[in-house]
Structure formats: C-alpha cells, structure tokens
Amino acid sequence: MPLYYFILAVVLIGCLFFARSKTLHHILLILFNILQWGFTIYECFHFNTEQLGYFTVDGVALIMLIVLSILSTTSSYHSVGYLEHQHKFHTTPLRAQAIYYAALGILIMAQTGAFLASHIAATWIFVELTTFAAAVLIYHERTEYAIEASWKYLFVCSIAITFAFIGILFLSISAQEAGTINLSYQSLIQHAATFNPFWLKLAFLFIIVGYSAKMGLFPMHTVCIDAHTVAPPPISAFISTTLMNVGFVAIFRTYTIIASTSILPWANNILLISGTLSVFVAAVYLLRVNHFKRMSAYSSLENMGIVAIGLGTGGIGYYAVFLHLIFHSFTKASLFYQIQQVHRVYKSYLIRNTGGYFKYYTPGAMVILLVFICITAMPPSGMFISEFMIFRAMFEKHYIGLLVLILILLTLAMWALGKNFFRLIYAPPVNFDSSHVGKISLKESLSQFILLGLVFYLGFNPPQQMVDLINEAIKNLPH
Amino acid sequence: MTNVLLIVFTISLLYLGIATRLLTYIRIFAFQGLLLFGVSFIELTQITTLNLIFILLETIIFKTIVVPLFMNYVIKKNKITRDSEPYLPSFISLIIITTIIIITFILSNAINASHISKIYFVVALSALFAGLYIIITRRKIITHVMGFLIVENGVFILSLAVGNKMPMLLNTGILLDFFLSFLVLGIFVNKIKDVFKEPDMQTLSQLRD
Amino acid sequence: MISFILIILASIFFTGIIIRTKSIVTGRKGPGIFQPVKDVIRLWKKGAVYSKTTSFIFQIAPSIYFASVLMAIMVVPFGQYKGIISFEGDFVFFAYVLALGKFFSIISALDTGSSFEGMGASREALYSMFAEPAFFILMGSFALLTGKTSFQEIFASLHFGSSISYILGVLATFVLAMITMVENSRMPIDDPKTHLELTMVHEVMILDNSGFDLGMILYATNLKFAMYGALIANLFMGSFPLYLTIPIFFGIQILFAIAVGLLESFTARFRMNHNAQYIFVLSSVSLLIFFGVLLMLGRFN
C-alpha cells in the first residue's frame with residue numbers, strides 16, 4: 001500500500017506541477033488530500049505491519065500521520081486563500097502556483113514517508129526530501145528575504161542532514177561490531193545493549209545536532225526561525241508543526257535505541273541541556289522580537305525545548321511529550337493561518353504596524369485570544385495539561401532547580417507573547433488607514449476554531465484510542 | 001597505501017587553511033576527489049562492479065571534474081573576486097586546523113574498535129570540522145559551498161570505512177552528495193545572483209532580530 | 001669524522017651550484033661553482049671595521065656563530081658512522097648549538113643600534129621560533145620510530161618497509177629541506193639578493209659586519225646548507241657500505257642544491273606576513289609524520 005500511495009502521490013504532484021489552470025489545481029489538491037486521508041485510514045487498520053520492507057506503522061507513526069493529515073487538509077485550504085490574496089490586486093502567476101502546489105505535495109508526501117519509515121536510512125532520506133520541498137516553498141515569494149531564508153534553510157539543513165548521516169554511520173559502525181548489518185529500528189533496538197557506548201554516544205550527539213535543524217531545537221534552531229519569517233503562512237504552519245514533528249520522530253527513534261543501553265542518563269542530560277538552552281534562547285529573543293511570524297517561530301522553539309526537556313526527564317514526561325506535540329501542532333498551525341489573515345488586514349507582519357484587530361475582524365481576534373490561552377498553557381487548554389505533566393515529571397525526578405529556571409523563562413516568554421498579542425487585538429493602530437480593509441468571511445477562520453476546539457477537547461477528554469496509541473508509542477522506553 | 005592517500009588528504013586540509021585564492025580551493029577540491037578515488041578503489045574490494053562504477057562516477061567524474069569546472073564557471077559568470085576573504089588570518093586558520101587534527105586524533109584514541117581503521121575516523125572528522133571551520137570563517141557564499149563540499153568529502157571517507165559491509169549506506173551517502181551539491185551549487189548560486197544584481201555576492205544577512 | 005670532512009667538501013661547491021643553476025635558468029653563463037668560496041677567502045684576507053657604538057658582543061658574535069655551526073656539523077653522522085661527537089639525545093644538542101649561534105647573531109645585530117638590524121633580528125628570531133617545533137617533532141617521531149635517541153643510531157636503524165614509511169620519508173625530506181630554507185634565510189622565506197633593507201631578514205642583520213667577520217658568516221651559510229643536505233642524505237643512506245654512501249651523499253647534495261636553485265628561480269618570495277603561517281605548516285606536517293609513526297608502530301591503528 002505505501003507503494004501505491006507514493007506512486008499516486010508522485011503522479012498527482014506531477015499533474016500539479018504541469019497543470020496551468022486554477023480549477024485543475026484545486027481539483028488535484030482535493031484529490032491529493034483524499035489520497036492522504038485514504039492512506040491514513042488504511043494505515044489505521046494495518047497497525048504494526050511491515051510494508052514494503054522499510055515502512056511500519058507503529059504508535060509514533062500513526063499519531064504523527066493523523067496530525068499531518070489533519071494539518072495538510074487545512075494547509076491546502078489556506079494555501080488556496082493565500083495564493084488568491086498574496087498580492088494586493090492580482091493573484092500569483094499560475095506557474096508559481098503550480099510550483100507551490102507541487103512542492104506542497106512533495107512536502108506532505110516526504111513527511112508521511114519520514115513518519116512511517118522503519119529503517120534509519122529511510123527516515124533520513126525522507127527528512128532530506130522535506131528540506132528540498134520546504135526550501136522551494138520558502139522561496140515562493142521571490143523577494144531578497146525569501147532567497148536569503150531559503151538559501152540559509154537549504155544550506156544549514158544540508159549540513160545538519162550531513163551530521164545526521166555521520167551519526168547513522170557511527171551507529172552502523174557499532175552495529176557492525178555487534179555483528180549485525182540490519183539498520184532497521186527494530187533490529188537496532190534489539191541489539192542496542194551490545195553496542196559500543198562510545199560509538200553510540202557519538203552517534204546520538206551527531207544525530208541530535210543534525211535533526212535539531214528540523215525539529216527547531218537549540219544548536220541549529222536559527223534556520224527554522226529565518227524560514228518562518230519569510231515562508232508563506234500556510235507553509236510556516238507546516239514548518240512549525242509537522243516538520244518539527246518529523247525532526248522529533250527522527251530524534252525520538254534514535255532515543256528509543258539508546259533507551260535500552262547504559263548511556264541513557266547521558267543522553268537524557270544532552271536532551272535536557274539542549275531543551276533548556278532552547279527555552280532560554282526563545283525567552284530572550286521573544287522579549288525583543290518585532291515580527292509576528294518570528295515571534296511565533298520563537299514560541300515554537302520554546303515549545304520544542306519543553307518537549308526535549310520532557311523527553312530527557314522521562315517517566316510521565318514521555319507521555320506528556322506526545323500530548324504536547326499534538327496540541328502544539330494544532331495551536332501553532334491555527335496561529336499561522338490567523339497571521340495570514342492579520343497580514344491581509346494590515347499588509348504587514350510587523351507588530352508595531354498593527355492594532356485594534358477586534359474592530360476589523362472579530363472572529364480573528366477571538367482566534368488570537370484562544371491561541372494565546374493555549375500557547376501560554378493556561379488552564380482550560382490542552383497544552384496546560386501536557387506542560388503540567390512534564391513539570392510533574394521533572395518534580396518527581398527532583399530537577400527542582402531546572403524546573404524553577406524553566407518556569408521563570410516561561411513566565412518571561414508569556415509576558416512577551418501577551419504584550420504583543422494584546423497590542424494586536426486592543427491597542428489603537430498607529431498610522432493605519434482602515435478604509436482599504438477587506439472583508440474576511442468567517443468560513444476562512446472556521447478551520448482555526450476547529451483545530452483550537454480539538455486542543456481543548458482532547459486535553460480534557462482524551463479518547464481512549466489516543467491514550468492507547470501514545471502508550472504504544474512509548475512502550476520501548478523505560479518506565 | 002590507503003594510509004598514504006589519507007595522510008596526503010590531511011595535508012590538503014592544512015593547505016586549505018592557508019589558501020587565499022578561490023582557484024586554489026577548487027584545485028584542492030579536485031585533488032581530494034582523486035585521492036578519494038584512490039582510497040575507495042583500494043579499500044572497497046568486496047563490492048560489486050556496478051557499485052564500483054558508481055563510486056568511480058562519484059569520485060572521478062563528479063568530484064574531480066564536474067564540480068571544479070562548474071565552480072570555476074560560477075566564479076567567472078558571477079564575477080566573484082578571487083580572494084577568499086577570511087575573517088581570521090590564515091595563520092590562525094592553520095593553527096586551528098592543526099588543533100582540529102590533534103583533537104580528533106586524541107579522541108580516536110578513546111576508541112577500542114576493531115572493525116574500523118582509526119585513520120579513517122581521524123581523517124573524516126578532521127575534514128568535517130575543517131570544512132565547518134571554513135564555512136564559519138569565510139565571508140563569501142561560494143566559499144561556504146566549498147566548505148560544505150569538504151564536509152561531504154569527510155563524510156565520504158567515513159562511509160568508506162563501513163562501505164564493504166554496507167554498500168547501501170555508502171550509496172545513500174553518495175546520492176546525498178550528488179543531490180545536495182547540484183541543488184546547493186546549481187540552483188542557488190545562480191538564483192542569488194539574479195535577485196541581488198551585485199557583482200560580488202555579499203553575505204546574506206538581512207534577516208535578523 | 002668522515003661526515004665532517006665530507007660536509008666541509010660539500011660546502012665548498014654547494015652555494016656555487018645554487019648560483020650556477022639560477023644563472024643557467026635565467027639564461028646567463030654565471031660564475032664558476034667555486035666563486036662563493038673564493039669570495040669568502042678574499043674576505044678572510046681583509047681586516048674588519050667595527051662601529052664605535054658596538055660593544056665586544058658584536059666582535060665575538062660572528063666567531064661564535066661560525067663555531068656553533070662547526071659544532072653542529074660534528075654531531076651529524078654519516079650513515080652508520082658516528083659524527084665526531086655522538087651521544088644519547090645529541091639531536092637536542094644539535095638544535096640548540098645552532099640556536100646559540102643564532103642567538104649571538106641576533107644580539108650582535110641588536111648591538112649595532114641600527115633600527116633596520118633590530119627589525120631583521122626580530123624577524124629572524126620569530127622564524128626560528130616557528131621552525132623549531134617542526135624540527136623537534138620530526139626528530140622526535142624518528143626517535144619514537146626507531147627507539148633510539150642519537151642521530152647516528154636513528155639514521156642507522158631507519159629503513160623503509162611499508163608504503164606508509166615512504167610517504168613519511170618524503171614528508172620528512174620536505175620538512176628538512178624547508179627548515180634548511182628557513183634557517184638559511186633563503187627563498188621563499190627571504191630573498192638573499194634583495195636590495196631593500198626593509199624587506200630583508202638575514203641580510204639586514206649583517207649589514208655592519210665586514211671583512212673577516214663577514215667572511216665567516218657567509219661561509220657559515222654554506223656550511224649550514226651542506227649540513228642539512230647531509231641530514232637529508234642520511235635519511236636515505238641506511239646501512240649501505242661506504243663506496244655506495246659517498247656517491248649517494250654527493251648526489252643528494254648536488255640534487256638538493258639544484259632544487260634550491262630551481263626553487264629560487266621560479267618562486268617569488270612570500271609576503272612578509274605570510275611567512276609565519278608558511279613556517280607553521282612545517283610543524284603541522286611534522287605532526288602528521290608523528291601521527292604516521294604512531295600508525296606504523298601500531299600504537300594506533
């Protein structure tokens with residue numbers, strides 16, 4: 001089945017690339033999403049079976065795949081809107097639209113592949129493919145900023161991916177010494193206990209540095225920040241959510257290999273350091289940020305830092321990490337979709353050019369408010385629950401000093417986010433001519449309400465299937 | 001014999017540290033491609049002919065001929081000044097690259113591995129970090145790309161160390177090399193010129209807080 | 001003893017061959033190969049003029065310099081034959097006797113009170129400083145490789161077997177040859193024929209020397225060339241019998257001289273600020289030799 005999925009996806013992407021009609025594009029995009037959902041539903045019923053030799057749908061893959069499919073539908077929908085309204089008076093040229101849709105298709109397909117891959121090299125190849133697609137999409141607006149950001153993204157991600165490859169090579173060396181040349185995750189987890197710790201340490205270090213570019217974690221987070229700034233908002237929504245999930249899955253799978261060896265405490269420390277530094281960097285930069293999308297990007301960095309800390313803490317943290325990733329994906333995606341509508345009102349992403357959003361587009365302002373509640377992990381939202389669980393895990397492991405530091409940093413971040421969001425919603429705009437503000441219909445914000453509703457609903461009333469899936473995903477980790 | 005080639009490769013890294021002209025970089029890169037061919041030809045005795053041809057293609061055709069010629073073309077076409085414009089004097093570069101080699105050597109002593117020859121490890125990591133160092137301390141985009149290619153060479157050496165047992169990994173690495181080099185070099189170096197319209201490509205540093 | 005005599009013999013024609021090569025390459029007939037020695041003899045027949053501002057140091061320095069070079073030559077072995085002086089760790093003695101001579105030539109340059117000479121002295125000191133680790137790492141690697149610590153034993157037990165030893169031999173030759181150029185202030189570090197004091201290194205230090213002293217300094221340069229040539233030759237002599245080693249010795253000396261001549265004809269000297277990095281390359285390369293030796297010994301594989 002994955003084979004059919006990939007073949008069909010490639011065919012559809014090819015059609016998208018060569019089609020030069022708007023209607024055709026929309027039809028093909030709908031077909032692509034149907035394919036994506038069909039595949040997702042198929043995989044739901046073929047849980048834990050190996051397919052095509054290199055793909056297995058386990059708990060991690062299925063969770064992430066469902067999140068991806070939900071977000072690819074919304075992102076496709078908002079992409080159409082974005083391409084309509086990108087320029088003030090005219091729509092994007094059809095050729096650029098075709099490239100955009102084709103790259104979007106590649107991005108979704110590559111992420112699907114990366115989630116499902118059960119072989120360490122297969123994961124790596126698909127992650128590499130996402131870099132390419134994302135770079136093309138970042139370049140979409142063809143400004144100087146766009147070329148700078150996509151160049152940086154491509155270049156740094158290439159170096160990062162090379163690092164990850166070196167990590168895989170080290171892993172393969174240790175596997176060879178342990179007498180196996182099978183690099184599928186299952187075989188690696190089985191043999192991990194006999195691996196040479198030195199190689200494993202090096203491998204983990206290189207892999208975490210490598211994939212941190214994708215996950216937006218500390219050592220290589222800068223590319224993601226720059227990419228967010230210029231990428232089209234629906235794509236930013238991808239880079240900030242599912243693409244970060246891709247990075248997370250890649251790191252998580254390596255972590256699962258490490259988990260059964262003696263170097264687990266060491267790996268945990270690495271994750272804690274990386275996570276803490278991420279939160280620190282994010283908090284510091286959030287205080288002085290002046291661009292909405294950069295602000296959201298730093299907020300993603302902060303959340304990924306929390307995820308890394310949760311993974312490094314262990315215990316109940318493992319469960320919370322997945323919950324947090326799911327909620328963060330939905331929240332951040334709706335924030336980016338909303339930022340696109342903010343941009344349509346103010347024609348600017350700069351915070352100082354905005355204000356009084358309630359007056360111009362009330363549903364949008366509601367979305368912003370809800371996002372603020374979620375992203376700062378205030379009680380009614382699901383992210384409160386996941387973050388609280390991570391903190392509880394830290395408390396149980398007696399990381400009190402670290403916990404206090406993180407809480408202080410999060411408070412700073414919360415203050416900065418609140419300051420900027422409330423300025424957007426309530427403050428009177430400066431030098432803003434409101435006569436040209438177009439009408440935005442409510443249906444364009446509907447997807448955001450649905451996503452945010454999911455965050456609230458899943459937080460308080462998690463369906464049993466989801467709990468089971470997450471427990472399935474973390475079954476190989478020590479309890 | 002591979003040891004000899006690898007030592008020469010390391011010396012080329014030292015030379016890279018003090019080279020000031022872009023042309024020298026390109027020559028060093030082509031030379032490294034030849035060395036890599038030698039190493040892989042001698043070392044990879046257990047792989048199939050098809051694989052060997054593939055590696056030949058990678059080292060001789062691609063690394064030694066195509067990429068250097070292409071970089072030459074890019075430099076000429078974009079009228080890039082021929083100096084590498086490092087941020088740090090070459091003397092310090094040399095000291096740092098020497099230090100990198102010493103550190104990787106010391107690090108390699110911590111290994112008690114029987115399946116991999118340590119010299120591969122030392123040379124590969126040295127190339128990796130020397131390449132990164134070049135990327136960090138050189139001003140131009142084209143030198144960044146060259147640093148990246150050096151990093152790729154390091155990865156190639158490391159993958160040779162496991163290549164006999166796992167040709168699949170080796171091929172994946174080589175494909176990565178093709179793919180990225182073409183992508184990074186081809187599309188972007190030309191596109192950047194189109195957008196910026198400057199005779200000399202400056203650093204891209206407008207995006208910041 | 002034999003090495004001492006042979007090196008003296010080689011020193012007579014060494015600089016001559018360099019000059020002759022350079023003139024042939026540039027299309028001139030050039031002086032005979034004994035011309036430098038004739039010049040030195042002419043200088044030796046003269047008295048010396050001393051500046052009033054100088055002290056006794058300026059007067060004794062050339063002699064000490066010359067003597068130090070002679071001392072160093074006595075240490076150099078010839079294949080399996082010992083030098084006049086030979087003991088454990090004599091390569092350290094070799095390096096520091098030369099350094100002593102250099103030290104005196106530097107302070108004598110400072111003694112004249114000329115700003116040019118001070119500048120030259122500082123450059124010479126800097127370059128020697130950078131060249132020293134290269135020499136010691138190189139000799140240290142050989143000592144490690146052979147397990148011996150005197151020149152004669154090291155060279156007698158050096159033999160080339162595996163392929164890696166050839167590259168080590170080539171690299172060692174390269175490093176030694178380049179140290180020779182640094183120590184003798186030749187191209188590409190310094191141009192002995194330059195006529196601008198600002199760009200000189202060694203030549204500017206001996207501006208005030210004249211007559212007999214100048215002759216000694218010039219002849220010391222010839223001796224040093226022959227001495228390093230002998231070291232390089234020693235790398236290849238191994239334990240062959242005498243009737244083979246003497247031709248090898250002269251062959252390598254002549255080859256080396258021609259190589260120096262060609263190098264000086266075809267390269268431009270480096271910019272002054274590039275010299276330091278160039279000399280440091282020698283240290284880096286000898287470090288690689290050291291690692292290569294570790295590799296050969298299997299301390300590291």
Side-chain angles (χ1 to χ4, degrees), chain A residues 119-122 124-125 128-129 131-132 135-136 139 142-152 154-159 161-163 165-166 168-179 181-183 196 198-199 202 206 222 225-227 229-230 284-286 288-291 294 298, chain B residues 107-108 110-116 120-121 124-125 128 131-132 135 141 144-145 147-148 151-152 154-173 175-177 179-181 183-184 187-189 191-197 201 203-209:
Chain A
H119 189 280
I120 195 162
W124 180 81
I125 289 170
E128 175 54 35
L129 200 56
T131 306
F132 163 71
V136 173
Y139 181 54
R142 286 169 177 66
T143 57
E144 286 190 13
Y145 286 126
I147 199 160
E148 180 183 342
S150 49
W151 165 258
K152 278 183 181 166
L154 194 62
F155 191 74
V156 179
C157 277
S158 301
I159 291 173
I161 212 80
T162 310
F163 266 84
F165 186 67
I166 293 169
I168 293 172
L169 284 177
F170 285 144
L171 208 57
S172 74
I173 289 170
S174 62
Q176 269 188 25
E177 287 184 358
I181 56 166
N182 182 355
L183 288 184
N196 180 345
F198 178 80
W199 291 119
L202 269 186
F206 273 95
T222 49
I225 308 288
D226 285 344
T229 317
V230 292
V284 169
Y285 276 95
L286 272 174
R288 45 175 292 210
V289 80
N290 61 2
H291 190 288
R294 283 188 95 79
Y298 281 118
Chain B
L107 184 70
S108 74
I111 318 171
N112 46 355
S114 50
H115 282 67
I116 175 177
Y120 283 94
F121 179 80
L125 277 198
L128 169 69
L132 284 181
I135 291 171
I141 295 170
H144 292 184
V145 175
F148 178 67
V151 171
E152 288 292 321
V155 175
F156 186 79
I157 291 175
L158 198 64
S159 58
L160 280 180
V162 297
N164 263 333
K165 290 271 176 60
M166 299 181 189
M168 180 212 144
L169 267 185
L170 184 61
N171 292 342
T172 319
L175 280 178
L176 153 94
D177 201 13
F179 182 68
L180 287 187
S181 311
L183 203 67
V184 167
I187 306 172
F188 270 89
V189 172
K191 283 277 180 197
I192 287 171
K193 177 70 185 340
D194 294 345
V195 175
F196 283 91
K197 305 268 188 293
M201 290 189 298
T203 43
L204 298 170
S205 55
Q206 295 184 44
L207 277 176
R208 55 169 69 132
D209 288 293

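The sequence lines fix the lettering, A, B, ..., with proteins before strands; numbering per chain opens at 1. Scope of the values below: all heavy atoms of this structure, side chains included, with no hydrogens, waters or symmetry mates.
Note on ring orientation: taking the six-membered ring where Trp is involved, the planes of A/Phe170 and B/Phe121 are tilted (angle from 30° to 60°).
Considering CZ of A/Phe206 and CG of B/Leu128, their distance stands at 5.5 Å, rounded to 0.5 Å. Atom-to-atom distance recorded for A/Leu169:CG and B/Leu160:CG is 10.0 Å, nearest 0.5 angstrom.
Residues B/Phe148 and A/Thr162 are in side-chain contact: their nearest non-hydrogen atoms beyond the backbone lie under 4.5 Å apart. A 4.5 Å side-chain heavy-atom check between A/Ile159 and B/Val151 finds every atom pair outside the cut-off.
In this structure, the portion of B/Leu125 lying under 4.5 Å from any heavy atom of chain A is its side chain and not its backbone.
The choice from A/Ser174, A/Ser172, A/Ala121 that makes the most heavy-atom pairs within less than 4.5 Å of chain B is A/Ser172.
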